Amino acid sequence: MQHQRNNTILLPGFVDLHVHFREPGFSYKETIATGSTAALRGGYIAVVTMPNLKPAPDSLLNLQQQLDLIKLHAQLPVIPTGSITMGQLGAGELSCMEEMAPHVCGFSDDGVGVNDAALMKEAMLRAKKLGKPIIAHCEDLSFGDAHNSASEYKALERDLQLAAQTGCHYHVCHVSAKESVELIRQAKKDGVAVTAETAPHYLVLCDADVLPGDGNYKMNPPIRGKADQTALLEGLIDGTIDCIATDHAPHTAQDKLNGCPGLVGLETAFPVLYTKLVREGVLTLDHLVNAMAHNPRELLKRWTSRVFGGSVLWDIQTPYVIDPNSFATMGHATPFAGWEVFGQCLN
Ligand code: DOR
């Protein structure tokens, strides 16, 4: 599938199903121009943005602000996600899903869980009618704080039952817990229309690596134990986890000091995963390319009827050190600063 010559390798361009570009509303953290430039530098050919914006994309009128900015500034295809609820509050009224459907890849309240089962069921029924997925940030804090895995997998367990009842395509964001991997594995066996993504930091780090109080390790959901990391890798290998998405979430240095959760990831995803997992024999390059390119391309095609293609040339032989000051993204928070990696995008 890949062509290799000298120091370089041609790989299919990646698709990231989960990024936060901060416009409209938070241009001081990231713009569509800077975020999409970072994506190009990371070897991506298309990205999907999450809806925690101001205004939230909860109606065509509000979504139009984001669509206009994308048209003006995007350096590659940027496909928005509409919010599930009005104001992306995780509660209250459902958004104007029907009028947004032609312009979005699906619906999500990323950052907040939808904890009212009846509301989530109604959202799934409407999304199914529109041929769109519900893209879920699973977090129900009634089961414990975010550090307690139950806050993720209990919310997931309920949603899988709703997805089975409604037939809605249900896509799970940033899976981080071993129990979640097992629930998704079983649901797939049972024929539920579920797909899942995890993020690079959950695959190459575990809680023993986290420097407490250091914002470069602070994201939501948090990095969990070694057994969770192992389960995520197993899930990726056996196809339970379909995609690796970065959850690229830029914040200013001051916002990070104030405790905002989120890391940047677009410019480090492939080099970190290739160096730590492929070169060290944990995953094959095919596993990685499936999870970063083929599988997310296929999902995006299913959800938008648009086909994204193209290849990217990489130098995978010349090591370099990750330096956040060289990033195109406005965010600098990463646990990978100073890592020596292989995988320089020659775009
Ligand atoms: O760490 C996170 N940052 N998790 C989220 O769910 C939201 C994101 C953000 O928007 O910064």
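All values derive from a computational prediction rather than experimental measurement. Order of listing sets the numbers, starting from 1, for every ligand and every atom in it.
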**Study point:** Test item: side-chain donor near acceptor, Glu152 and Ser176, under 3.5 Å
**Key:** yes

Review point. Nearest protein heavy atom to atom 1 (O) of ligand 1, by residue and atom, and its distance?
Key: Asn220 N, 2.9 Å

Exercise for review: Give a yes or no on whether a salt bridge exists between Lys188 and Asp242, defined as a side-chain N under 4.0 angstrom from a carboxylate O.
Suggested key: yes

Check your understanding: Can an N or O of Asn52 be found at a distance shorter than 3.5 Å from an N or O of ligand 1?
Key -> yes

Exercise for review: Determine, stepwise, if the pair Glu280 / Lys276 fulfils salt bridge (charged side-chain N to carboxylate O under 4.0 Å, His left out).
Suggested key: CA-CA 6 Å; Glu280 293 187 13; Lys276 291 303 287 182; 3.6 Å; yes

Review point. Do Asp247 and His20 have a side chain donor and acceptor closer than 3.5 Å?
Key: yes

Check your understanding: Are Asp286 and Thr284 close enough that a side-chain donor and a side-chain acceptor fall under 3.5 Å?
Key -> no

Check your understanding: Is the closest heavy atom of His251 to ligand 1 under 4.0 Å?
Key -> yes

Point to revise | Distance-only donor-acceptor check, side chains Thr49 and Gln66, under 3.5 Å | key: yes

**Study point:** Sub-3.5 Å N/O-N/O distance, Pro261 and ligand 1
**Key:** yes

Review point. Which atoms of ligand 1 have any heavy atom of His137 under 4.0 Å away?
Key: 6 (O)

Exercise for review: Using heavy-atom distances, let me know which of Arg22, Met219, His20 sits nearest atom 11 (O) of ligand 1.
Suggested key: Arg22

Check your understanding: Which atoms of ligand 1 are found less than 4.0 Å from any heavy atom of Ala249?
Key -> 3 (N), 8 (C), 9 (C), 11 (O)

